[in-house]
Amino acid sequence: MEPTKSFVKKNARVFRFLFSLSPMYVLSYIFNYLLQAFLPYIPIYGSALIIDAVIAAKPMNDILVIVYAMIGTALGVGLVASFFTYFLQAWDNKILAEVNRLTSKKTHEISYEQLEDIKTLRLIKAADEATNGSGGIPSYMSAIGQTVQGISSVVYSCLLLQGIFQVGTPTKVDGWSNFLNNPWSSLVLFGVVVLAILASLPLVSLSNKLSYKAMMENVEGNRRFGYFYQVCNDYELGKDIRLFHMQKMLLSLQANDKYGVNATWQKFCNSNILIQIAIAFFFAILSFVAYGFLGLKALYGLVSVGSAVAYAGAVTLLATGIEKVIAGLIGLSLNADYLQNYFIYLELPNSMSFGKEKLDEKAPLSVEFRHVTFTYPNQKEKALDDVSLTIKPGEKLAIVGANGAGKTTLMKLVCRLYEPQSGEILVDDKPLASYDRDSLDRLYAIVFQDFKLFSFSIKENVATGEEGDEVRVVDALKKANIYDRVMSFPKGLDTVLYNKNDTNGVEISGGEAQKIAIARALYKNSPLVILDEPTSALDPKSEAEVYENFSALVENKTAVFISHRMSSTKFCDDIAVVDKGKIVEYGNHKTLLAIPNGLYKAMWDAQAQYYK
């Protein structure tokens, strides 16, 4: 009973999901396959009437009436079925778009730390394979349709086959006629049908299991191949690929992963060909016995020639119907298993919990690290080691240190991109995790060193949405000293960046992109402003303007400025020096310079010649 319970439970889950997307979508599929099942019986029944009418030498007009009725009915049902088929193909795309939207929504909801985890990436790929690959909603709906069509065919065939149980008057009396005229003899046909089904059932089940196994084995290979394909076709990476002659390496890696995928599918296809040949063999035997049995009944005059033709077609469709029911049920089981990967991802819990505290956005806030320790996933060395630090309300803090010292990691933890393994972070004396998600989203405005702009309009990039306040967008662009450049483009604020989303998209320099990123942070108007190497791509004049206007840019907000350039620290209230995951020095510029053999003094002296 457990497999049956599991089958019912999984498919009930899928049905609820599909009905939540669109009840009419499911009902239209069922109705379409009812029509598809009825369609082949029209010529079978009509042909039997025509043959018997011709043999009985009925008037031509009577025969033509049958012909026209058969053609008209078949044409009408066929047209309706064709309309539903094309209509459902378009509907499939809409449903898939909604399914993919839900996947994207889930990806936005989980924590960044989860998204970065290889296990999650595999889950996402498995969910994608389940909905867009070998399985998916259309495949599941086809399995529903196959089951409905099969059941309908069985019902239609049984109605049509009632006549073979009737006793007739044979034209010749012998042992064969006595056997064929016995109503129970017709059970031979049903016996052969059952044997053919029983023989093919385990083969159909095996084929589906092999298909599922092949899909799951290919999840990682497809994910890797997709990455290499994306790299090879990303024009932003094109110059590095060409200048460093990486083409051969990338194509080789791509071929290796694709070969693994192809080998798995080739193995499945080879096995499946043999399975399909075996199934075809069993049904060929069924057809041979059916035509032989019904042909003999026609020869002995127990059924008309037309009826024999109709019964032979009905027996074949009965067997095919039963096969479709079984295949449909197995397909439902298989595709429900596929879709469980999708549901597993949709139900993946967020690794981060949120509280109910609200953030006071009007006043400058404080940030405190208490004995915070953090190690990045899959790494042994601590990125932060027992860090304690307090950023006072309205303070302008500079964080300096060598590459990999842990400067940016501090801010990633404040943004809750990651959770520390020990210690806690407080905002306005309340644990960071106690705030609700909406408050945390509004807490910070940040420009990371590896910031990203999107192939949307400049207005959408700055306002981070379609309904931005144009006055505020303009103000932010002016503060970032990029407004004039933006307005020099033909479409101004509506200019789309890059050509990934618009054929008329514009390419901008790294410095211009960085200014737009700064404008985006200013537009957000958050109480905590974090600038991580915000001038790394700027020319000296633009960099000097950022330094000079830093206080005006962040107004009375709490601000953190991360930089390698020691000259940027002079306009900050305090400076935290980070080395190997620890804060080794803290104070203002003058105080830190006075520390003999201090790290800050060493870094300052190393760059001092460039300030003169």
Side-chain angles (χ1 to χ4, degrees), residues 364 366-376 379 381-414 420 423 425 446-450 514 518 528-554 557-612:
S366 65
V367 178
E368 182 181 358
F369 291 77
R370 289 184 181 174
H371 303 289
V372 171
T373 296
F374 174 73
T375 303
Y376 281 103
Q379 293 189 20
E381 187 176 349
K382 295 176 181 177
L384 296 176
D385 187 4
D386 194 29
V387 171
S388 293
L389 170 68
T390 299
I391 307 173
K392 296 181 285 295
E395 181 181 14
K396 311 297 183 288
L397 175 70
I399 301 178
V400 299
N403 289 331
K407 306 183 299 298
T408 300
T409 302
L410 283 167
M411 296 303 102
K412 286 182 176 179
L413 294 183
V414 170
I425 302 171
I446 187 165
V447 180
F448 277 122
Q449 185 175 358
D450 57 348
Q514 197 157 40
I518 293 173
L528 175 62
V529 178
I530 303 169
L531 303 178
D532 184 2
E533 296 287 355
T535 63
S536 59
L538 299 184
D539 58 75
K541 182 175 180 295
S542 297
E543 181 180 28
E545 289 173 350
V546 171
Y547 292 162
E548 292 169 3
N549 299 324
F550 180 69
S551 295
L553 290 175
V554 298
K557 304 176 187 299
T558 303
V560 178
F561 195 98
I562 301 172
S563 180
H564 292 101
R565 305 185 187 185
M566 307 308 295
S567 60
S568 65
T569 62
K570 295 174 66 177
F571 54 81
C572 291
D573 300 321
D574 286 301
I575 303 163
V577 183
V578 183
D579 186 43
K580 297 179 180 178
K582 293 177 177 289
I583 295 180
V584 294
E585 296 173 8
Y586 187 88
N588 58 38
H589 174 68
K590 186 176 180 180
T591 303
L592 294 179
L593 278 181
I595 300 176
N597 301 317
L599 180 58
Y600 180 81
K601 185 178 187 304
M603 291 189 293
W604 176 270
D605 290 342
Q607 297 182 18
Q609 58 179 313
Y610 303 114
Y611 310 144
K612 298 175 182 178

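Starting from 1, each residue takes its place in the sequence as its number. Everything numeric here is computed off the predicted structure, so don't read it as measured data.
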Exercise. What residues form a side-chain contact (heavy atoms from CB on, under 4.5 Å) with T373, not counting sequence neighbours?
Worked result: K382, D385, D386, S422
Seminar exercise, completed: Scanning both residues in full, the closest heavy-atom pair of Y600 with H589 reads OH-ND1, 2.7 Å
For this session: Would you mind telling me which of I446, T558, I399 makes a side-chain contact (heavy atoms from CB on, under 4.5 Å) with I530?
Result: I446
Problem set entry | Considering all heavy atoms, the nearest A402-K407 contact | O-NZ, 2.9 Å
Problem set entry | Heavy atoms from other residues, nucleotides or ligands near CD of Q379 exceed 12 (cutoff 6.0 Å) | yes
For this session: Just jot down the salt bridge (Lys or Arg N to Asp or Glu O under 4.0 Å) partners of K412, sequence neighbours excluded, or say none.
Result: none
For this session: Answer yes or no: is there a donor N or O on one side and an acceptor on the other, between the side chain of E395 and the main chain of A559, under 3.5 Å?
Result: no
Problem set entry | Side chain K557, main chain P393, donor-acceptor under 3.5 Å | no
Problem set entry | L413 side, atom CG; L384 side, atom CG - distance, nearest 0.5 Å | 5.5 Å
For this session: Test side-chain contact (heavy atoms from CB on, under 4.5 Å) on Y586 and L389 and set out the steps.
Result: CA-CA 9 Å; Y586 187 88; L389 170 68; 3.5 Å; yes
Exercise. Distance from N588 atom CG to D573 atom CG, nearest 0.5 Å?
Worked result: 9.0 Å
Seminar exercise, completed: Contacts of E368 meeting salt bridge (Lys or Arg N to Asp or Glu O under 4.0 Å) (sequence neighbours excluded), chain-then-number -> R370
Problem set entry | Ion pair check, D574 and K392, cut-off under 4.0 Å | yes
For this session: Please examine the side chains of M603 and V400, heavy atoms only from C-beta on, and report whether any two atoms are closer than 4.5 Å.
Result: yes
For this session: State the NE2-OG distance between H371 and S388, to the nearest 0.5 angstrom.
Result: 4.0 Å
Exercise. Taking the side chain as C-beta and beyond, is there a heavy-atom pair between I583 and V577 under 4.5 Å?
Worked result: no
For this session: Mind listing the closest non-hydrogen atom pair of L410 and F369 along with its distance?
Result: O-CZ, 3.4 Å
For this session: Identify the two heavy atoms, one from P420 and one from V372, that lie closest to each other, and give their separation to 0.1 Å.
Result: CB-CG1, 3.7 Å
Seminar exercise, completed: Heavy-atom closest pair (I575 atom, L397 atom, distance to 0.1 Å) is N-CD1, 3.9 Å
For this session: Check side-chain contact (heavy atoms from CB on, under 4.5 Å) between N597 and all other residues, then give those that pass, not counting sequence neighbours.
Result: none
Problem set entry | Any residue meeting side-chain contact (heavy atoms from CB on, under 4.5 Å) with K601, in chain and number order, not counting sequence neighbours | L593, D605
Exercise. Is there side-chain contact between V367 and V414, with heavy atoms separated by less than 4.5 Å?
Worked result: yes
Problem set entry | Minimum heavy-atom distance between A594 and P596, given as atom pair plus value | O-CD, 3.2 Å
Seminar exercise, completed: Hits for side-chain contact (heavy atoms from CB on, under 4.5 Å) against A383, two or more places apart or cross-chain, chain-then-number order -> F374, Y376, T409
Exercise. Under 3.5 Å, is there a donor-acceptor pair between the side chain of Q514 and the main chain of V447?
Worked result: no
